[in-house]
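This report refers to the structure that appears directly beneath it.
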There are 2 protein chains.
Amino acid sequence: MTEIIEDVENKPPLHEAIYKKLRLLLETGALAPGQALSLRNLAHSFEGSVTPVRDAVWRLAAEGALYIGPTRRISVPTLSRNQVRELMRVRALLEPEAAILALDNITPEIISQMRAYDAELNKAAMEGNVGEYMANNHAFHFALYSASNSDVLLPLIESIWVRFGPYMRHAYPDVAGMEGVEDHHAQALEALEKRDAIALKRAIKSDIGDGEQFLLHEME
Amino acid sequence: MTEIIEDVENKPPLHEAIYKKLRLLLETGALAPGQALSLRNLAHSFEGSVTPVRDAVWRLAAEGALYIGPTRRISVPTLSRNQVRELMRVRALLEPEAAILALDNITPEIISQMRAYDAELNKAAMEGNVGEYMANNHAFHFALYSASNSDVLLPLIESIWVRFGPYMRHAYPDVAGMEGVEDHHAQALEALEKRDAIALKRAIKSDIGDGEQFLLHEME
DNA sequence: GCTTTATATTTGTTATAACAAATATAAAGA
DNA sequence: TCTTTATATTTGTTATAACAAATATAAAGC
């Protein structure tokens, strides 16, 4: 009998979907720092049971994206000023490295893509649209880092970014006035055009420095 | 009624114990790269059910210590030469940073502790005792990094080290001949005594460079 | 009104069973 | 002997129920 090989929706497991959704909620700042979560509530939200939720939660906890308290309560992590500094320090170490690796594989298409993100990002900043700003800033950076083709660096950098998510939205109620005196994104783009590795590293590093100052400033 | 507050064994959850044991197996090279694991076998080994095993496995998978294949099969990760290089590069970025932070909190006790580990390490190397060598090398490095008091850097560095575990034992069948021309541990200790930050960074970085060369060499 | 106590609810933990997909084994064919 | 097919086994996935600890709520005492 001739069977029709439909390759019907090779559907991913529920825990995978839950992981991605939860991660997105964290990245976009939909969840506030310190906010408590419960397995049953999450299971109900995602219309599943507690088992796949546990998988997703432990995965996120291992990345530092969720916090498991001493009494095993699940919550969105709180960051101290010192932790912010150290996380930004890690960014400043890893991301220039990824950028350098990316330089070998960069294409005009990627650069113009990044320009597009940067334009959207600036527009969003002018309009005070925090969500759009964050999304495009993320896209801008990872369009670059992805070109590194590093399955080691990328997940690490991603995991650091997720940790800032909950603070970004709440720390940036108004991004309109946040343009620094220097546009480090523009500098990065220029460095990419010129294939200037050290200028690229400097631009990325400075951009991260700006982010650190701004976040720390907004934290009080 | 006077209650006797015994604070009876505030026993940790099973999934925590499983996580730690599995992690130790990986760190000490008890599990070979590529080796397959199954939830039921693990559950049976740890005399528990599948649920706590899942928690532990997903946690380790998130750290890159375990690999979940495209068909969701669980296995000990395999490292390509390129991945080894990138992981070592990350070590070379993060560990000197942790060392610098540690420099502010270093005490004579920690230094002498490190000397003790280094002595044990050298003895183990002479005797060809791989397990002892690895354990003391780990202890040496983390005695230093722990002094950084960084709950950001330490877990990150730990997660990188775990990934090498499965390769260490199988790549170092004989550590007897592995002493480099320079003893970077000794240089690190000297730098600690003198509170010489840049010498400390250089020593750590060189030590990691040695490890990289050796591992790559053993990988073919 | 405030603290303390008792009760009720919610929480994470764990074992189990049923299902489907993937893999391994045995059988059959060339 | 080798490839193909059929069967059996193992595998991850998911929902559920029972238990214990932690938290929240209500009641009582002062």
Side-chain angles (χ1 to χ4, degrees), chain A residues 1-23 31-32 34-78, chain B residues 1-23 31-32 34-78:
Chain A
M1 188 189 295
T2 56
E3 289 193 27
I4 300 173
I5 302 168
E6 276 205 81
D7 195 352
V8 274
E9 37 168 351
N10 199 344
K11 58 178 177 185
L14 225 199
H15 61 74
E16 184 74 26
I18 296 176
Y19 168 80
K20 284 181 178 164
K21 286 183 189 170
L22 250 179
R23 192 177 226 276
L31 302 175
Q35 179 176 340
L37 302 174
S38 91
L39 294 175
R40 283 174 180 80
N41 285 347
L42 290 172
H44 185 261
S45 298
F46 295 119
E47 296 178 333
S49 77
V50 70
T51 315
V53 171
R54 289 184 72 87
D55 295 343
V57 163
W58 277 110
R59 217 173 139 186
L60 289 164
E63 300 179 44
L66 283 180
Y67 173 69
I68 311 290
T71 136
R72 312 188 209 307
R73 218 173 197 67
I74 304 158
S75 59
V76 179
T78 289
Chain B
M1 188 187 294
T2 55
E3 290 194 29
I4 299 173
I5 302 168
E6 275 203 82
D7 195 353
V8 273
E9 37 167 351
N10 198 346
K11 60 176 176 184
L14 223 199
H15 61 74
E16 183 76 24
I18 295 176
Y19 168 79
K20 284 181 179 165
K21 286 183 190 172
L22 249 180
R23 193 178 227 274
L31 302 175
Q35 178 175 341
L37 302 174
S38 90
L39 294 174
R40 283 174 179 82
N41 285 348
L42 291 172
H44 187 261
S45 297
F46 295 121
E47 296 179 332
S49 77
V50 72
T51 315
V53 172
R54 288 184 71 88
D55 296 343
V57 164
W58 278 110
R59 219 173 137 184
L60 289 165
E63 299 179 44
L66 283 181
Y67 172 68
I68 311 290
T71 132
R72 312 189 209 308
R73 220 171 193 66
I74 304 158
S75 59
V76 179
T78 288

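Lettering follows sequence order; numbering is per chain, from 1.
For R72(A) and dA21(D), the shortest distance from a side-chain N or O to OP1 or OP2 is not below 4.0 Å. Put simply, T71(B) has no side-chain N or O that comes within less than 4.0 Å of OP1 or OP2 on dA22(C). The shortest distance between the side-chain N/O atoms of T51(B) and the OP1/OP2 oxygens of dT16(C) is not below 4.0 Å. Dashed line: the shortest gap from a side-chain N or O of N41(B) to OP1 or OP2 of dT10(D) is not under 4.0 Å. At dT11(D), one or more side-chain N or O atoms of S38(B) fall inside 4.0 Å of OP1 or OP2 (strictly under the cut-off).
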Using Watson-Crick and G-U wobble pairs whose two distances are both under 3.5 Å, how do you write the pairing of DNA chain C as dot-bracket, with | for links to another strand?
||||||||||||||||||||||||||||||
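Here R73(A) lies in heavy-atom contact (under 4.0 Å) with sugar-phosphate atoms only. Among the heavy atoms of the strands lying under 4.0 Å from L37(A) are primed sugar atoms or P, OP1, OP2 only; no base atom is included.
Minimum interatomic distance between L14(A) and P52(A) (heavy atoms only, all atoms of both residues): CD1-CG, 4.0 Å.
Salt-bridge check for E63(B) with R59(A): failed, with every basic side-chain N at 4.0 Å or more from each acidic carboxylate O.
Taking atom CZ on R40(B) and atom C1' on dT11(D), their separation rounds to 6 Å, with Å as the unit. Rounded to an integer number of Å, the gap from CZ of F46(A) to P of dA15(D) is 13 Å.
Comparing dT14(C), dG12(C), dT13(D) against the side chain of H15(A) picks out dT13(D) as the nearest.
Contact of R54(B) with dG12(D) (side chain to base): no donor-acceptor pair of N or O atoms is detected under 3.5 Å.
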